Amino acid sequence: MDMMSATEPAMVTLRLDGRIALVTGAGSPDGIGYATARRLTSLGARVAIVSTTRRIHERASELGATGFVADLTDESEVGALADAVAEQLGDVEVLVNNAGLASRASPEVLRPVAQLSFDEWHAEIDRNLTTAFLCSRAFIGGMAERGWGRIVNLAATAGPVNALPTEAAYAAAKAGVVGLTRALAMEMVADGVTVNSVAPGTIYTAASTVAELKQGLGTPIGRPGTPDEVAAAIAFLCSPAASYITGQMLVVDGGNSVREAQFR
């Protein structure tokens, strides 16, 4: 027998055949959540998706997924969601906390700190950080019991890497997502559960403003990213192939955060 082939480890797969995955914030057909759900489905996962409106059922029909409506800032609704997913699909093994990104219906609050109301601050923290906390807490117990799980939280370059004026609440929430990711990763590491975050830069979605798209054109790659490109990073971290990666933040921004200066 060839000694190299005998000792060489088997190729680790990217497939998620039979795994049950939940993707939050997947109501927009042009968003990162939808793109992620589509990619996880293509990798063999049985996918549940959730958003705050009934349009999630249209997305579920398109994907062959199961759709749920819930306000993920509400502790009781998250508990009810966990029960419903378990009843209809089984135990969640892959969780993508994408809920929180702004949309046209629920735009990001852009206001200097001196003019930011407490309610506006609280809303941004709840939408972007509390949702990830509540959903993670709802499913980590089952993952730990089974000895396998993947959690990927959506951060952003705003907050963990950089920031712009008027986005303090959003930046603080996304920085908090990274802190939650790292702490939870250390709590779950002995249970076979990895916890990571993905930090997109400027991504071309239906919610993108003209100013954001112009920022994308100024990246080293010269264009905004796409939801599919972010979904590819998320799917890798959800896969068995990412078994030795935990507590990390993967930046997907076309190299923008590493450039020292803007060259013209």
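Quick caveat, the model's predicted, so the values are computed rather than measured.
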For [Y], is there any backbone N or O sitting under 3.5 Å from a side-chain donor or acceptor partner on [X]?
X: D71; Y: T73; value: yes
X: R54; Y: V69; value: no
X: S61; Y: E58; value: no
X: S208; Y: I203; value: yes
X: T36; Y: I32; value: yes
X: D126; Y: T130; value: no
X: E229; Y: T226; value: yes
X: R259; Y: G255; value: no
X: T157; Y: V161; value: no
X: R150; Y: S239; value: yes

Measuring only between side-chain heavy atoms, which start at C-beta, is [X] closer than 4.5 Å to [Y]?
X: I151; Y: N196; answer: no
X: N153; Y: V195; answer: yes
X: W148; Y: M143; answer: no
X: C238; Y: L40; answer: yes
X: V193; Y: V189; answer: no
X: P220; Y: N256; answer: yes
X: L72; Y: V50; answer: yes
X: V85; Y: F68; answer: yes

[X] and [Y] ion-paired at < 4.0 Å:
X: E124; Y: R127; value: yes
X: R111; Y: E120; value: yes
X: R137; Y: E75; value: yes

For residues [X] and [Y], report the shortest heavy-atom separation together with the two atoms involved.
X: L154; Y: P200; value: CD1-CG, 3.7 Å
X: P240; Y: L16; value: CD-CD2, 3.9 Å
X: A37; Y: I49; value: CB-CG2, 3.6 Å
X: T66; Y: Q88; value: CG2-OE1, 3.6 Å
X: S51; Y: A26; value: CB-N, 4.4 Å
X: L89; Y: A48; value: CD1-CB, 3.6 Å

Completion exercise
The salt bridge (charged side-chain N to carboxylate O under 4.0 Å, His left out) partners of E212 (sequence neighbours excluded) come to none
Handout entry: Heavy atoms of other groups near E87 CD, more than 12 under 6.0 Å
Key =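 Open: at most 12 neighbouring heavy atoms sit under 6.0 Å from CD of E87.
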With rounding to the nearest 0.5 Å, note down the distance linking [atom1] in [X] to [atom2] in [Y].
X: C135; Y: N98; atom1: SG; atom2: CG; result: 11.0 Å
X: L213; Y: Y204; atom1: CG; atom2: OH; result: 6.0 Å
X: S197; Y: K174; atom1: OG; atom2: NZ; result: 10.0 Å
X: R59; Y: T53; atom1: CZ; atom2: OG1; result: 8.5 Å
X: E145; Y: I140; atom1: CD; atom2: CD1; result: 11.0 Å
X: L184; Y: T246; atom1: CG; atom2: OG1; result: 8.0 Å

In terms of hydrophobic clusters joined by side-chain contacts under 4.5 Å, are [X] and [Y] together?
X: L164; Y: L110; value: no
X: V251; Y: V230; value: no
X: M249; Y: V198; value: no
X: L180; Y: L95; value: yes
X: V252; Y: Y34; value: yes

Practice task
Could you pull out all residues at least two apart from S76 that satisfy side-chain hydrogen bond (donor to acceptor under 3.5 Å, both in side chains)?
Solution key: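 With neighbours one apart ignored, the set is D74.
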Exercise for the section: Determine whether the side chains of S136 and N97 contain a donor N or O and an acceptor N or O closer than 3.5 Å. Expected result: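 The answer is yes; a qualifying pair exists.
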Handout entry: Qualifying salt bridge (Lys or Arg N to Asp or Glu O under 4.0 Å) pairs, either residue in residues 29-42, two or more places apart
Key =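 Found R38-D228.
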